[in-house]
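Fair warning: this is a prediction, and the values are worked out from it, not measured in the lab. First listed ligand is number 1; within each ligand, the first listed atom is number 1.
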Amino acid sequence: MCESPTMSELQNLDIVLIGAGIMSATLGIMLKELMPQATIHVYERLPEIAIESSDAWNNAGTGHSAFCELNYTPQRPDGSIDASKALNIVEQFETSKQFWSHLVKKNLVDNPASFISPVPHMSFVWEKENVEYLLKRYDTLRQSPLFRDMQFSDDHAVLQQWIPLILENRKSSQPLAATKMDAGTDVNFGALTRTIFKHLQNDEHVTIFTSHEVKNLKRRKDGGWQLSVKNNITQEKKYINTKFVFLGAGGGSLHLLEKSGIPEGKGFGGFPVSGQWLRCTNPAIIAKHAAKVYGKPAVGAPPMSDPHLDTRIIDGERALLFGPFAGFSTKFLKNGSFWDLPLSINLSNIWPMIKVGLTNFALLKYLINQIKQNHNDRVNALRKFVLDAKPEDWKLEIAGQRVQVIKKDKQKGGVLQFGTEVVTCSDGSIAALLGASPGASTCVSIILNMLERCFKKEMQSPEWQAKIKEMVPSYGISAKENPEFYLQMREKTSAVLGLK
Ligand SMILES: Cc1cc2nc3c(=O)[nH]c(=O)nc-3n(C[C@H](O)[C@H](O)[C@H](O)COP(=O)(O)OP(=O)(O)OC[C@H]3O[C@@H](n4cnc5c(N)ncnc54)[C@H](O)[C@@H]3O)c2cc1C
C-alpha cells in the first residue's frame with residue numbers, strides 16, 4: 001500500500017475513511033460506485049491493511065445468518081421462541097452476500113473462494129431440556145422459507161454422520177440434538193478487505209496511507225472537517241480538509257468520536273473484551289470435523305460468546321478452532337495502548353459507565369472466571385464438545401478486541417450494548433461506527449444505514465436508488481415480509497459466490 005508521498009498541507013478532499021478494516025473497505029467501494037469522481041483518502045495507523053479485528057484469526061469468520069447462533073433465538077417466559085432477531089440477522093447477511101456477488105460480477109473482486117466458503121452451520125445441545133428448546137427453535141425458524149432447509153436430529157446415528165468428532169465415545173443414552181443448515185458459510189473478512197482495497201488503490205481518485213494515524217479532528221467553519229494525521233514512520237504531521245469523514249477505526253472510533261465533539265457522540269463509553277481461541281494443531285483431528293457448531297452460552301456470558309467448534313477455511317487451508325474465551329485488557333485495539341480505556345473516560349460517560357459496572361454482576365463474574373482459566377481449564381470446556389480432547393493438540397490463539405458500547409440511558413443511567421451503533425451528526429458530515437457484533441457479516445446493511453443518514457438527499461435520488469438496487473437487489477425489501485424474494489436471491493448469490 002501507499003507510502004507517504006510528499007504531502008501538501010490542507011488538501012481538500014470529498015471523503016476520508018479512517019481505518020482500513022472491512023467497514024471502511026465496504027464504504028469505500030460503495031462510494032466509488034455512487035460517486036466515481038469523489039476524492040478519497042484512507043488512513044490506517046498500522047503498516048498493513050486489515051490486521052486488526054477484520055483479519056481472519058482475529059474473528060471467528062462466521063457469516064452470521066442466525067442458522068446456528070442460539071443467542072439470536074431466545075425463549076420467551078411462556079416457552080415460545082422469539083425469532084425476530086434471527087430474521088433480522090439472516091436478512092443482513094443475505095444483503096452482504098448480494099453486494100459481494102455484485103463485486104464479483106463486476107470483476108471488482110476476483111475469486112470468491114479466497115474469502116467465502118460453504119461450511120454447514122449447526123447448533124448442538126445436550127440435556128433433555130436443551131433438546132426440547134432446540135426442537136422448538138427448529139419448528140419456529142422453519143416457518144420462514146429462509147430456514148426451510150434446516151434439518152434437526154436427536155438420533156445418534158444421524159449425528160454421527162454430521163459431527164463424528166463430537167460423537168466420538170458418547171454414551172448412546174445421552175440426550176443430544178443438533179440442527180444443520182448447509183447454506184452456512186465461513187468468511188475470511190481480512191482477505192475480502194485486502195481484495196477490496198487492492199481494487200480501490202487502482203482508482204486515480206483514491207489514496208491509501210498505511211502507517212498513518214489520525215490524531216485529531218476539528219470542525220471547520222464551512223461545515224467540513226480538518227484532520228491532523230501523523231506518519232508513524234517519519235513522525236511527520238499533516239493536516240487534511242474533507243467534506244465527509246468516516247470513523248471506521250474499530251476500537252479506535254470511540255476516541256475519535258470524543259475528539260470530534262459532536263453532541264450526538266456525548267455519553268458513549270466503551271468496555272473492551274478480548275477474544276481468545278483454542279486452535280487445533282493436529283491435522284487428523286482437523287480433518288474429522290467439517291462444520292461450525294454452536295452450543296449454548298454459559299450463564300452471564302455476553303451474547304456473542306456461545307461456545308463453538310468451528311471449521312475455518314483460511315488461505316485455502318482447513319483449520320479448527322474452539323472458543324471464544326474472554327480476556328480482559330484495557331486496550332481498545334489488539335495493537336492499541338493500555339491507556340485506551342482510562343483515556344476514554346470523560347464527564348459525559350463516567351456516570352453511564354459506573355451504572356453499567358454496578359448492574360452487570362453476572363457479566364463481571366463470567367469475565368473474572370474466564371480470566372482465571374488456564375490451558376487445562378480451556379481444554380475442559382472444549383471436552384463438552386470433544387470428549388477426549390488432549391491439551392497437546394490445541395494451542396491458544398489471541399483474537400481481536402471487541403469494544404462493547406456503553407450508552408447513556410434516561411431511565412437506567414447507562415446500558416451495555418452488544419450490537420453495533422452508528423453515530424452520525426445532524427448535518428451528515430461525520431459518521432462513527434462503534435461496537436462489534438454481529439459485526440463484519442452485517443457490514444453492507446450497516447453502511448447502507450449510514451449512507452441513508454449522511455447522504456440523505458443523494459440516497460433518495462433516482463440515480464443512487466438505481467445504483468443501490470443494482471448492488472443490493474433486496475434493498476428496501478424486508479425478509480420478514482418477502483422471504484421468497486430473499487430465497488431467490490440466495491440461489492443467485494450462492495451460484496456467483498461458488499457456495500453451491
Ligand atoms: C473475537 C471476535 C470474534 C468475532 N467473530 C465474528 C464473526 O464470527 N463474524 C463476524 O461477522 N464478525 C465477527 N467479529 C466482529 C468483526 O471482526 C468486526 O465487526 C469487524 O472486523 C470490524 O471491522 P472494522 O473495519 O470496523 O474494524 P477493524 O477491522 O478493527 O479495522 C479498524 C482499523 O482502524 C485502524 N485505526 C484505529 N484507529 C485509527 C486511527 N486513529 N487512525 C488510523 N487508523 C486507525 C485500526 O488499526 C484498524 O486497522 C468478531 C470480533 C472479535 C473480536
### Task
Provide the number and element of each atom of ligand 1 under 4.0 Å from a heavy atom of A399.
1 (C)
### Salt bridge K407-E421, side-chain N to carboxylate O under 4.0 Å
yes
### Task
Enumerate the atoms of ligand 1 whose separation from the nearest heavy atom of E52 is less than 4.0 angstrom.
30 (O), 46 (C), 47 (O), 48 (C), 49 (O)
## Note on the structure
In short, salt bridge (charged side-chain N to carboxylate O under 4.0 Å, His left out) pairs touching residues 267-280 with sequence neighbours left out are R279-E397
### Query
Considering only heavy atoms of L46, which atoms of ligand 1 have at least one such atom less than 4.0 Å away?
47 (O)
### Task
Give the numbers and elements of all ligand 1 atoms closer than 4.0 Å to a heavy atom of G19.
33 (C), 34 (O), 35 (C), 44 (N)
### Query
At a non-hydrogen distance cut-off of under 4.0 Å, which region of H64 contacts ligand 1 (side chain, backbone, both, or neither)?
side chain
### Summary
Checking heavy-atom distances from atom 33 (C) of ligand 1 to each of M23, R312, E44, the winner is E44
### Task
Determine yes or no for a side-chain-to-main-chain donor-acceptor pair under 3.5 angstrom, with N59 supplying the side chain and D55 the backbone.
yes
### Query
At the 4.0 Å heavy-atom cut-off, does G61 count as touching ligand 1?
yes
### Task
Apply salt bridge (Lys or Arg N to Asp or Glu O under 4.0 Å) to E452 and list each qualifying residue two or more places apart in sequence or on a separate chain.
none
### Query
Q276: heavy atom below 4.0 Å from ligand 1, yes or no?
no
#### Entry: Modelled atom types, side-chain donor and acceptor of N231 and T234, under 3.5 Å
yes
### Query
Should the proximity of N58 to ligand 1, defined as any heavy atom under 4.0 Å, be assigned to the side chain, the backbone, both, or neither?
backbone
### Query
Parallel, tilted or perpendicular: which fits the ring planes of H212 and F209, with parallel below 30° and perpendicular above 60°?
tilted
### Task
May I ask you to identify, for S54, whether its side chain, its backbone, both or neither come under 4.0 Å of ligand 1 on a heavy-atom basis?
both
### Query
In ligand 1, which numbered atoms sit nearer than 4.0 Å to a non-hydrogen atom of L256?
41 (N)
### Query
I18 heavy atoms, cut-off 4.0 Å: which ligand 1 atoms fall inside?
40 (C), 42 (N), 43 (C)
#### Entry: Ion pair D186/K292, N-O distance below 4.0 Å
yes
### Message
Heavy-atom distances under 4.0 Å decide this one: backbone, side chain, both or neither, for L333 against ligand 1?
### Response
side chain
